[in-house]
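Take a look at the structure below.
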Amino acid sequence: MKTVIGLFDAYAQAQDTVTALKMTGIASDDISVITSQSEAERLDQTRSAEAGELTGFNYVFNSAKGLLSGLMGADVVEDHAHVYAESVKRGGVLVSVRIHDDREGEVKRILARHDAIDAEDRRRLFLDEGWRGVEAAFPLDGAPVIRPDRSTYRAQVARP
């Protein structure tokens, strides 16, 4: 078994990706949606007001330490784990998929088709902003905002 992770700036992208993954026969139990506590609450309030329903997150984290431990326990490269934690801290959403090795290419194509963010591209953007890595004890929801990075990232990284 292998874990493949997709990083998204918008919950809607993550949700569409999960739907596409399920359509290929990947079981719901093998797909996790991960975000920070404050982002989950914000999304739940927005969706509750719009549709009277709650969003479905498998994992919500209050600290980078818990998220980093979980990612590295899933054999995620440490540099990528730090980028994912920083992204979640800034409001990003992760989709984690546990699959057999022979489905890796298929899952990565689905993530790419739904505009998953390349961890190395995001890492370079963060470093250009002066980021030095996630401090494991730093709360995900109490982090100072360096600057909103979603529009910056989209402007700097062209998608085919």
If we check side chain to side chain contact (heavy atoms under 4.5 Å, CB included) with I5, which of these qualifies: V76, V95, I34? V76
Looking only at heavy atoms, which two atoms of [X] and [Y] are closest? And how far apart?
| X | Y | value |
| --- | --- | --- |
| S28 | K22 | OG-CE, 3.1 Å |
| V83 | F126 | O-CE1, 3.9 Å |
| A116 | G6 | CB-CA, 4.2 Å |
| F8 | T17 | CZ-OG1, 3.3 Å |

Rounded to the nearest 0.5 Å, how far does CD of E86 lie from CG of L125?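 Between atom CG of L125 and atom CD of E86 there are 10.5 Å.
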Atom CD1 of I110 and atom CG of D16: how far apart are they, to the nearest 0.5 Å? 12.5 Å
Who passes side-chain hydrogen bond (donor to acceptor under 3.5 Å, both in side chains) against R98, sequence neighbours left out? D30
Sequence neighbours excluded, the answer for side-chain hydrogen bond (donor to acceptor under 3.5 Å, both in side chains) partners of R123 is none
Side chain proximity check, H82 to W131, heavy atoms < 4.5 angstrom: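 H82 vs W131: side chains touch.
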Are the side chains of R122 and D9 in contact, using a 4.5 Å heavy-atom criterion? yes
Within a 6.0 Å radius of atom CE on M1, are there more than 12 heavy atoms belonging to other residues, nucleotides or ligands?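 Counting other residues, nucleotides and ligands, CE of M1 exceeds 12 neighbours.
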Taking E106 first and then R109, would you say they form a salt bridge - that is, a charged N and a carboxylate O separated by under 4.0 Å? no
Quick one, R103 with V97, criterion side-chain contact (heavy atoms from CB on, under 4.5 Å). Give me CA distance, side-chain angles, the key distance, then yes/no. CA-CA 10 Å; R103 296 198 74 184; V97 188; over 6 Å; no
